Amino acid sequence: MPQIADILIPLALDTAYSYAVPAGLTLDEGDVVQVPLGPREIVGVVWGVEERASGGNLRPVSGRIEVAPLSEPLRRLVDWLARYTLAPKGSALAMALRLPDETARTETMRVGVRSAGKPPSRPTAARDKVLAVAADGGVRGKSALAKEAGVSLSVVDGLIDDGALESVALLPEPVALPPDPDFPRETPLSEAQDAAARKMIAAFDPTPSSAEGRGFGATILLEGVTGSGKTEVYFEAVAECVRRGRQALVLMPEIALTAQFLDRFAARFGVRPATWHSGVGGRRRERLRAGVASGEVSVVVGARSALFLPFTDLGLIVVDEEHETAYKQEDGVHYHARDMAVVRGRLEGCPVVLASATPSIESRVNAQRGRYGHIVLPERFGGRRLPDITAIDMRLDKPERGRFLSPPMVAAVKKTVADGEQALLFLNRRGYAPLTLCSACGHRYQCRNCSTWLVEHRFRKALVCHHCGYTERKPEACVECGAFDHLTPCGPGVERIAEEAAALFPDKRIIVLSSDFPGGTERLRQELEAVAAGECDIVIGTQLVAKGHNFPHLTLVGVLDADIGLTSGDPRAAERTFQLLQQVTGRAGRGERPGRALVQTYQPDHPVIAALLSGEAERFYEEEIGAREAAGLPPFGRLAALIVSAAEREMAEAHGQAMARIADPPAGIMVLGPAEAPLALVRGRYRFRLLVKTDRGIDIQGYLRDWLARSPKPRGSTKVTIDVDPQSFL
DNA sequence: AGCACGCCGACT
DNA sequence: GTCGGCGTGCTC
């Protein structure tokens, strides 16, 4: 009987296509194959195989590709991801199937050279140097040999042609050296860390009471204040996993994948870990994939896409900084890597550890309700104290006119730098000034696409929209009334703070760090390392400095405007602000010297600010969860965005609420208010948001799909799609 | 993702 | 009169 294979193709297709399996080829689920699609050949994965009497006139599978098949759990993850995010299955598959691109496919053999034991026909000084190095008979790479001898590559090539050196094939360099779980550690764990690590490892083993064979707390929230040594605790879990011969994955936000972190890993395991992020390309990427699939690579540290690596025997997933919004993928398939990690853990039958100093509300709630285990490290490692956080009430301590640093802040910075320590001034606003207006006519510079103000970037001499990226040259005269010298910057950005700091501290080294740092990510990375090394007195930075890097010389953190973001209208504004401020103030005093933080605010009594000042995170979580309950908001909800095309904007506005409101939700789904006004123009489409409260077990995707099919669409509309903003309710 | 088909604006 | 813009639909 002929075999039919259902092949899922990594394109925006929601169904697998059926192909005939040619005689002589046996296929299993998960096999990677090549199939004809229209005029071309394309790679796909066998999603199902069946025997069928009539093969019909299906096109045949072209052949199997000799790479590791997709494991059952990984295939189920793809199915799950597609269903959960409303994405076509094929698009979800594409995430797991980054096959070797053509450049990487041609596996170039590494070539080494060694002495052939015979003298060159025509000796020269350069040749002698090379042969002297090679005289030990060892094998070296060509360029390594040339470098060691201090000559150019062509000398080595000449000697190979001459026969004095012979080339030998080298085994490919291992992608990653095996981490040693029992590498002798320099600093012993504290008692608290040790207890936490034991508790976590205990959760690896299934208890008799768990039906699925995963122990209680198969997902564990590891919560520890900044500097408590969370990392060392989960390293113990990783070590135990490796001891048991299984693989471990540590996910981090890309920005946090720093040399500092890799060194800490090396201090614990003797080697740096295999890393996976957007910068790992070509051959290395493929070798790492293959190593992961063969089980040769035991630990991977990677950004969110590492979640889709083809592990054969995954024993642990750690999600570091689990509250980070960078785990959300917002283009293509919308997913939240932390949530998908929980799902993959469930499918693989392995524990998942979510680590953070400032957990997301949803993880906190999941822990409180007993869905997740909860391990808390309340104190800093090594007896270090948390920084003292003091408010500066801006209503009382006003800065000079046109200035933004209040007198107590200036005094504190002055003292800090005088003592040879480092100060960080934190302001979450890029550019020079968030608003520019003409003082002659009152014209405010606004984005032509969005409803936002244009931000002046003085270094770039431009006005920039931070929403859509629209940029125009800063005009000499007002575009409205033509007046010269009347353009007035309103409010501060980091560039403007840098100007102020430079005037106050002319002999100090000042650096501005923000995501639009000139010279790109690589330069920025270098600058962060330099700051960490203490090569700077005053750092002025946006939220970028709150994440990832430790600055051991930093003893003062000055928050210039703690109130930014508290009024943004985002249902998660309070949570975000608290997390950000907690993280950034926690940067102070992580080295030898104690640290402190000063917080400029106009509302010291605001719950978020008050909780921050009291140093009790617990208070914030209680208040925020309570506030959400009181307001009928879900402690964790999901935001669904309705997207309509730009041409439909008017129509959408006319129909606004009617089309964006879910009229009669079934039990278990609650819609919180009507749609907001269009938020932004994103690539020709206006975006609306709906906040939908749901509980576990409700198939919200299925519901939204139905709702979409039923709901009235604006006349003339061609396409309305639902787009789910991933937020956990797992 | 490619690739074809198709329907309206500015050019030799 | 055509070249070409991208919107839409299809690929077992």
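This structure is a prediction, so every number in the text was calculated from the model and none was measured. Proteins get letters first, then strands, A, B, ... in listed order; numbering begins at 1 in each.
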Each nucleotide N or O in nucleotides 3-5 of chain B that has a protein N or O under 3.5 Å away: list the pair and distance.
none

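The number of heavy-atom neighbours closer than 6.0 Å to CD of A:Glu51, taken from other residues, nucleotides and ligands shown, is above 12.
In this structure, the side chain to side chain donor-acceptor pair (under 3.5 Å) partners of A:Ser18, at least two apart in sequence or on a different chain, are A:Asp6.
Protein atom CG of A:Leu11 is 13 Å distant from nucleotide atom P of C:dT11, rounded to whole Å. In this structure, CG of A:Leu13 is placed 9 Å from C1' of C:dC10, rounded to the nearest angstrom. Here B:dA1 presents its C1' atom at 13 Å from CG of A:Leu93, a figure rounded to the nearest Å. Straight-line distance from the OH atom of A:Tyr17 to the P atom of C:dC12: 7 Å, rounded to whole Å. Following rounding to the nearest Å, A:Leu8 (CG) and C:dT11 (P) show an atom-to-atom distance of 16 Å. Rounded to a whole Å, the CG atom of A:Leu58 is 13 Å from the P atom of C:dT11. Atom P of nucleotide B:dG2 and atom CD1 of A:Ile42 are separated by 7 Å, given to the nearest angstrom. Atoms CH2 (A:Trp47) and C1' (C:dC12) sit 17 Å apart, rounded to a whole Å.
Using a 4.0 Å heavy-atom cutoff across all strands shown, A:Pro36 reaches sugar-phosphate atoms only and no base atom.
Within the structure, ring pair (Phe, Tyr, Trp, His ring centres under 6.0 Å) pairs that include any residue of residues 307-326 of chain A comprise A:Phe308-A:Tyr335 (at least two apart or interchain).
Under the 4.5 Å side-chain criterion, counting only non-hydrogen atoms from C-beta, A:Ile255 is not in contact with A:Leu257.
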Inset, instruction - In sequence, state the C-alpha distance, the side-chain angles, and the governing distance for A:Glu322 and A:Ser356, and then conclude on side chain to side chain donor-acceptor pair (under 3.5 Å). - result: CA-CA 6 Å; A:Glu322 69 82 33; A:Ser356 175; 4.7 Å; no
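A:Tyr445 and A:His443 have their aromatic ring centers within a separation under 6.0 angstrom.
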